[in-house]
Amino acid sequence: VPVVPVPTSYASAQLGHSGLWAGIGISAPFGLKLRYDDGWFGRYESLHSKLLTIDVQPSLAWRVSDRLSLGGGLDIQYVDVTLTNALPNLGASADGTLRVSGDDVSLGWNAGLLVKLDGGVRLGLHYRSRVKHEVKGDYAVSGLAAPLAAANGTTAVRSPLTMPDIATASISAPITLATRLMLTGRFYNWSVLQDIRFLRTGHAPAVKHLQYRDSWSLAAGADHRINDRLTLRAGTMFDRTPTNDAFLTTRIPDGDRTWATAGLSYALTRALTLDASYAHVFIAKADMDRTDLYYEGSAAQTGVTTRSAMSGNVDMIATSVTARF
């Protein structure tokens, strides 16, 4: 079972005695890591897929009044991509290999507000902008035999990649003195990602159609304070996949996701708090039936059809320590 670590870190400080705060966060908002066996039936579509994003987010927040706080900042986003798949050889037993890799740094922004209403109710709104990348790197073909051997080699490649903007609305309300209910809804503008397009000088574009659709999620949870040191939490979330059934790919074998979560906070001292959580994600079954063309437009054009039924689940464990100075 693969283990994928996702580190995050946040820090904030009040600027003097004003209502102004400065903060910085480091997170990984989007990610993908999949590796299949070399000889598996879908190897011509994908073998290894990795997408790593790292956000460095300097922010400012202003406490306008006891009821209203505003905040915003930049998203300095680094993206690193590696994609590999096998290539069919003509009349040869061994496959060739395609490896595309590249990275980029681009800017986005985010803004939000927090409103405190009567009765301890809190309302939060947040918007994170889309980030447009121009990923640049290498397009490497190897292992092709005659008459395809001329395609072997490494060329420079660029690939436009847009990460979606996200709008979030959250509300929390006390049910009792010790228990608080929370609801969060999110809209993801995934329709900005329609295809994966590899652009090389002197070559026709290589395109993998995705036709993503906009998606949304809805989460509900509650926390219950046992005593001054211990708080327990539980929740659930439905997260609609942005994938399009007609263009489903083994690179991103996704389906609608249902989350079940539990966690706790424990005050180790007045200055240190330990948080821990566990989430199990149920991924709904999705059927894939797609045909991809290789060496398109040449005498060696080859069509490969991949059919499969995909489902799965993910377990996530998270821990953090909060220190107050």
Side-chain angles (χ1 to χ4, degrees), residues 5-31 52-79 104-133 163-174 177 180-189 219 221 223 225 228-231 233 263-277 318-325:
V6 184
T8 59
S9 182
Y10 300 92
S12 64
Q14 189 173 10
L15 302 180
H17 298 288
S18 67
L20 195 63
W21 290 71
I24 188 167
I26 301 174
S27 63
F30 306 99
L52 169 69
T53 59
I54 298 176
D55 262 23
V56 178
Q57 187 182 88
S59 303
L60 287 175
W62 177 36
R63 185 181 179 186
V64 180
S65 68
D66 290 340
R67 287 182 174 265
L68 176 64
S69 296
L70 304 175
L74 293 176
D75 287 298
I76 306 167
Q77 188 173 99
Y78 170 76
V79 61
D104 182 61
V105 176
S106 292
L107 289 178
W109 59 275
N110 69 92
L113 61 85
L114 175 66
V115 180
K116 296 181 180 180
L117 305 174
D118 294 335
V121 177
R122 298 182 179 185
L123 172 66
L125 299 174
H126 184 263
Y127 174 78
R128 179 197 291 242
S129 76
R130 70 188 65 179
V131 180
K132 296 183 177 181
H133 291 280
M163 307 312 292
D165 39 334
I166 304 172
T168 304
S170 296
I171 188 169
S172 69
L177 291 177
R180 178 173 288 271
L181 178 66
M182 295 158 285
L183 296 172
T184 295
R186 284 192 177 94
F187 170 80
Y188 305 84
N189 188 24
D223 62 31
R225 183 168 56 84
D228 290 341
R229 287 199 163 193
L230 178 62
T231 298
R233 298 184 177 89
L264 60 85
S265 292
Y266 185 77
L268 302 172
T269 68
R270 290 185 177 181
L272 292 175
T273 301
L274 171 68
D275 293 288
S277 66
T319 59
S320 66
V321 174
T322 302
R324 298 174 180 84
F325 303 97

Item to check | Audit row: Asp75, Met163, side-chain contact (heavy atoms from CB on, under 4.5 Å) steps and yes/no | outcome: CA-CA 12 Å; Asp75 287 298; Met163 307 312 292; over 6 Å; no

Euclidean distance, [Y] [atom2] relative to [X] [atom1], rounded to 0.5 Å:
{"X": "Leu123", "Y": "Leu68", "atom1": "CG", "atom2": "CG", "value": "10.5 Å"}
{"X": "Ile166", "Y": "Thr168", "atom1": "CD1", "atom2": "OG1", "value": "6.5 Å"}
{"X": "Ser172", "Y": "Leu183", "atom1": "OG", "atom2": "CG", "value": "9.5 Å"}
{"X": "Asp223", "Y": "Leu264", "atom1": "CG", "atom2": "CG", "value": "11.5 Å"}
{"X": "Leu117", "Y": "Ile171", "atom1": "CG", "atom2": "CD1", "value": "7.0 Å"}
{"X": "Arg229", "Y": "Leu268", "atom1": "CZ", "atom2": "CG", "value": "7.5 Å"}

Identify the heavy atoms of [X] and [Y] that sit nearest to each other, and give their distance.
{"X": "Val56", "Y": "Pro58", "value": "O-CD, 3.4 Å"}
{"X": "Tyr78", "Y": "Val105", "value": "CD1-CG2, 3.7 Å"}
{"X": "Ala22", "Y": "Leu15", "value": "CB-CD2, 4.1 Å"}
{"X": "Leu181", "Y": "Gly221", "value": "CD1-O, 3.3 Å"}
{"X": "Tyr10", "Y": "Gly25", "value": "CD2-CA, 3.4 Å"}
{"X": "Gln14", "Y": "Trp21", "value": "N-CE3, 3.3 Å"}

Just by distance, do the side chain of [X] and the backbone of [Y] share a donor-acceptor pair under 3.5 Å?
{"X": "Ser106", "Y": "Lys132", "value": "yes"}
{"X": "Ser69", "Y": "Leu114", "value": "no"}
{"X": "Arg180", "Y": "Gly120", "value": "yes"}

Counting C-beta onward and ignoring hydrogens, is there a side-chain heavy-atom pair between [X] and [Y] closer than 4.5 Å?
{"X": "Phe187", "Y": "Asn189", "result": "yes"}
{"X": "Arg233", "Y": "Asp275", "result": "yes"}
{"X": "Thr8", "Y": "Ser320", "result": "no"}
{"X": "Arg128", "Y": "Asp55", "result": "yes"}

Item to check | Sequence neighbours excluded - salt bridge (Lys or Arg N to Asp or Glu O under 4.0 Å) pairs with any residue from residues 104-127 | outcome: Arg67-Asp118

Next on the checklist: The criterion is side chain to side chain contact (heavy atoms under 4.5 Å, CB included); which residues satisfy it with Leu125, sequence neighbours excluded?
Outcome noted: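 Partners of Leu125 under the side chain to side chain contact (heavy atoms under 4.5 Å, CB included) test: Leu113, Ala169.
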
Checklist entry - Judged by modelled atom types alone, do Ser129 and Asp165 share a side-chain donor-acceptor pair under 3.5 Å? => result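 No donor-acceptor contact under 3.5 Å links the two side chains.
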
Next on the checklist: Test side-chain contact (heavy atoms from CB on, under 4.5 Å) on Trp62 and Ser18; report intermediate values, then the result.
Outcome noted: CA-CA 9 Å; Trp62 177 36; Ser18 67; over 6 Å; no

Item to check | Derivation and outcome, side-chain hydrogen bond (donor to acceptor under 3.5 Å, both in side chains), residues Arg225 and Thr231 | outcome: CA-CA 4 Å; Arg225 183 168 56 84; Thr231 298; 5.8 Å; no

Checklist entry - Mind checking what makes side chain to side chain donor-acceptor pair (under 3.5 Å) contact with Thr273, not counting sequence neighbours? => result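 For Thr273 the side chain to side chain donor-acceptor pair (under 3.5 Å) partners, ignoring immediate neighbours, are Arg324.
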
